[in-house]
Amino acid sequence: VEGLLLWVSSLKSDVSLLLANGHSYAQFYPVGMVFTEAEFIKDRINKQLASESTLIRSAISAALTKEGSKIFKDLINSLND
């Protein structure tokens, strides 16, 4: 029973994540699709957080050194290309 409750809780959490990310009808998706689409969203969010962390670290380095400043400028330019 406890395993089932955890599974249902996970399903509800994933449906909520989908709804929050523009899947207006996520509550009607087949279970497998809910889990698959939620994984896509989690991967995207994790990559976005990693990119933001890299930018923050580079910005701090830019404030401390000239070399860091150049690296930060190049990084920003690569994001705008």
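As the structure is a computational prediction, the values presented were derived from the model and not from experiment. By convention here, the first residue in the shown sequence is residue 1.
For T65, the side-chain contact (heavy atoms from CB on, under 4.5 Å) test picks out S61, E67, with sequence neighbours left out. Among residues two or more places apart in sequence or in another chain, the side-chain hydrogen bond (donor to acceptor under 3.5 Å, both in side chains) test is passed with E52 by Q48. When the side-chain hydrogen bond (donor to acceptor under 3.5 Å, both in side chains) test is applied to R57, no partner is found at least two apart in sequence or on another chain.
Taking Ile, Leu, Val, Met, Phe, Trp and Tyr as members and joining any whose side-chain heavy atoms lie under 4.5 Å apart, directly or through other members, the hydrophobic cluster of V1 also contains L5. Under a 4.5 Å side-chain heavy-atom cut-off, the cluster of Ile, Leu, Val, Met, Phe, Trp and Tyr residues that includes L64 is completed by I56, I60.
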With a 3.5 Å cut-off and sequence neighbours excluded, list the donor-acceptor pairs that the side chains of residues 34-42 form with protein atoms.
from, atom 1, to, atom 2, distance (Å)
T36, OG1, G32, O, 2.9
K42, NZ, D14, OD1, 3.1

Using a 3.5 Å cut-off and no angle test, enumerate the donor-acceptor pairs between side-chain atoms of residues 72-81 and protein atoms at least two apart in sequence or in another chain.
from, atom 1, to, atom 2, distance (Å)
D74, OD2, K70, NZ, 2.8
N77, ND2, K73, O, 3.3
S78, OG, L75, O, 2.7
N80, ND2, I76, O, 3.2

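With hydrophobic clusters built from ILVMFWY side chains whose heavy atoms lie under 4.5 angstrom apart, I71 does not share a cluster with L55.
Residue pairs satisfying the side chain to side chain donor-acceptor pair (under 3.5 Å) criterion with at least one member in residues 15-24, sequence neighbours excluded, are listed as follows: N21-R44, H23-Y29. Pairs engaging residues 18-30 under the salt bridge (charged side-chain N to carboxylate O under 4.0 Å, His left out) rule: none recorded [sequence neighbours left out].
No donor-acceptor distance shorter than 3.5 angstrom exists from the side chain of S58 to the backbone of T54, with no hydrogens or angles considered.
Interatomic distance, L11 CG to L6 CG, rounded to the nearest 0.5 Å: 12.5 Å.
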